[in-house]
**Student:** 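To start, I am sharing the structure in question, which I have written as structure tokens.
Numbered from 1 within each chain, the chains take letters A, B, ... in sequence-line order. It should be emphasised that the depicted structure is a prediction, and the values quoted were computed from it without experimental measurement.
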There are 2 protein chains.
Amino acid sequence: MGITDIIARFILDEISETGGCAELQRAELAQRFKCVPSQINYVISTRFAPEHGYIVESRRGGNGYIRITRLRSPAGQLVSRMIGAIGLELDQAAAEAIISAAAGAGLISKREALLLRSAVSPRALAAAPREDRARLRAGILKNMLAASAAEPPEG
Amino acid sequence: MGITDIIARFILDEISETGGCAELQRAELAQRFKCVPSQINYVISTRFAPEHGYIVESRRGGNGYIRITRLRSPAGQLVSRMIGAIGLELDQAAAEAIISAAAGAGLISKREALLLRSAVSPRALAAAPREDRARLRAGILKNMLAASAAEPPEG
DNA sequence: CTTTTTTTGGTCAGAATTGGTCAAAATACT
DNA sequence: AGTATTTTGACCAATTCTGACCAAAAAAAG
């Protein structure tokens, strides 16, 4: 496991322990994990972006900080916001972000997340012309998310 | 025996030793067997496709990997046979039949069946040219079924 | 109160590290 | 000989890691 995943794990733990909000210091983290400070920005932008269901605030200068908050809101509202956020096209990275956010928010189970992932995977869409895949991904994911909201979990 | 079979044998051993899930590095394997890296892709696509009862995940970049998981539970076997039964194309009625059969056999929950249905619904596939839809349906359904066997229900 | 210094975090581009695709060439099979 | 499978290599794509340079906020100095 690379340093990115180790740091992400650490932050995740921090968020859990504090009940949803971690307050970090970039330089301190970088020193603890023996990496350059910008690595922390990389971890945050790839693992804790708003598409993943987090909000990140920060402040520079003395006593600066990076605060990462996990956000949660009523399921139906969240799903419709997610569907709204999907445009006409969706690349694979964006699809992954949405799926893991949905799983993180408890809208779908881990197993269901696997299903959604496999439905929009390159292998599944191989039969379509390249130029159609992003639109297909968008259509498929929207429909699946809508279906997931139609029936309550564990139904 | 060609290099393909040797590599396949090796991977098979690896899967057995680890109890069902091998995690490989493409470049390392290629070096070990003195072949080009793309040979590994060939082995995987011809010997470890979902129709053969495996699921393959991978990641590029630093700390990349190729993970091959064998479906071996009774349910996994059934799923694997279903996947084998799906050809290159699948019309909507056949897809519906397979989904309800899977639900009837308890391989997937009612809610999961909804997800599969919505993934291969005409609305979801609207972005693809008509002539590609049957192949897409087949590909999507195969991949989702394989994923459903990867993780035990209620996991 | 304004200026300067110090202390934080941010951006971005490039290098490094992985795996993927595709089609041509080589080989095996019938 | 003709067809199917295997092997190879050139080119592509995604992810991670690093460092040089930038920007903001607080603290210290004047």
**Student:** Please report the distance, rounded to the nearest Å, between CG in B:Asn41 and P in D:dG9.
**Tutor:**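 So the CG-P distance, B:Asn41 to D:dG9, works out to 15 Å.
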**Student:** Does B:Gln31 CD have over 12 foreign heavy atoms under 6.0 Å away?
**Tutor:**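 Atom CD in B:Gln31 is not packed in, count stays at 12 or less.
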**Student:** Once you round it to whole Å, what is the distance between P of D:dT15 and CD of B:Glu57?
**Tutor:**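 Answer to the nearest Å: 14 Å.
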**Student:** Honestly curious: do B:Ile11 and B:Phe33 fall in one hydrophobic cluster under the side-chain, below-4.5 Å linking rule?
**Tutor:**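 In one cluster: yes.
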**Student:** Any side-chain donor paired with an acceptor under 3.5 Å for B:Ser148 and B:Glu112?
**Tutor:**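 Absent: no donor and acceptor within the cut-off.
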**Student:** With a 6.0 Å cut-off (strictly less than), is the heavy-atom count around CZ of B:Arg67, excluding the residue itself, greater than 12?
**Tutor:**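 It does: B:Arg67 CZ has more than 12 such atoms within range.
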**Student:** Please give, in whole Å, the distance from C:dG20 C1' to B:Tyr65 OH?
**Tutor:**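 From B:Tyr65 OH to C:dG20 C1': 15 Å.
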**Student:** Looking at B:Arg133 and B:Asp91, is any side-chain nitrogen of the basic one under 4.0 Å from a carboxylate oxygen of the acidic one?
**Tutor:**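 So B:Asp91 does not pair with B:Arg133 through a salt bridge.
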**Student:** Does A:Arg59 get its side chain close enough to the base of D:dA25, under 3.5 Å, for a donor-acceptor pair?
**Tutor:**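 Absent.
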**Student:** How long is the line joining CG of B:Asp5 and P of D:dA4, in whole Å?
**Tutor:**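 To the nearest whole Å, that distance equals 19 Å.
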**Student:** Are any of A:Ser38's side-chain N or O atoms less than 4.0 Å away from OP1 or OP2 of C:dT11?
**Tutor:**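 Checking A:Ser38 against C:dT11: no side-chain N or O falls below 4.0 Å of OP1 or OP2.
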**Student:** Starting at the 5' end of DNA chain D and moving along, which residue's nearest nucleotide shows up first, A:Gly2 or A:Gly61?
**Tutor:**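 By nearest-heavy-atom nucleotide position, the 5'-most residue is A:Gly2.
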**Student:** With a cut-off of less than 4.0 Å, is there a side-chain N or O of B:Arg47 near OP1 or OP2 of D:dT6?
**Tutor:**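 So the side chain of B:Arg47 is within the cut-off, an N or O lying under 4.0 Å from OP1 or OP2 of D:dT6.
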**Student:** From D:dG9, C:dG9, C:dG20, pick the nucleotide closest to the side chain of A:Gln25?
**Tutor:**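 Of all the options, the side chain of A:Gln25 is nearest to C:dG9.
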**Student:** Between atom CG in A:Leu125 and atom P in C:dG20, what is the gap in whole Å?
**Tutor:**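 The answer, rounded to whole Å, is 16 Å.
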**Student:** Taking the nucleotide of DNA chain C with the nearest heavy atom to each, does A:Arg130 or B:Gly64 sit closer to the 5' end?
**Tutor:**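 This one resolves to B:Gly64.
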**Student:** Choose from D:dT6, C:dG20, C:dG9 the nucleotide whose nearest atom is closest to any side-chain atom of B:Thr4.
**Tutor:**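 The listed nucleotide nearest to B:Thr4's side chain is D:dT6.
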**Student:** Rounded to whole Å, how long is the line connecting atom CG of B:Asn63 with atom C1' of D:dA14?
**Tutor:**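 Spelled out: CG on B:Asn63 to C1' on D:dA14 is 13 Å.
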**Student:** Return the value, rounded to whole Å, for the distance between atom CD of A:Gln92 and atom P of C:dT21.
**Tutor:**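 About 10 Å, once rounded to whole Å.
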**Student:** For B:Ile3 and D:dG9, what is the distance between atoms CD1 and P respectively, to the nearest whole Å?
**Tutor:**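 Spelled out: CD1 on B:Ile3 to P on D:dG9 is 13 Å.
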**Student:** Please determine if a side-chain N or O atom of B:Tyr42 lies less than 4.0 Å away from the OP1 or OP2 oxygen of D:dT6.
**Tutor:**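 Yes, such a contact exists.
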**Student:** Is there a donor on the side chain of B:Arg26 or the base of C:dG20 sitting less than 3.5 Å from an acceptor on the other?
**Tutor:**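 Side chain to base: pair present.
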**Student:** Can you find a side chain N or O atom of A:Gln39 that sits less than 4.0 Å from OP1 or OP2 on D:dT16?
**Tutor:**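 So the side chain of A:Gln39 is outside the cut-off, no N or O lying under 4.0 Å from OP1 or OP2 of D:dT16.
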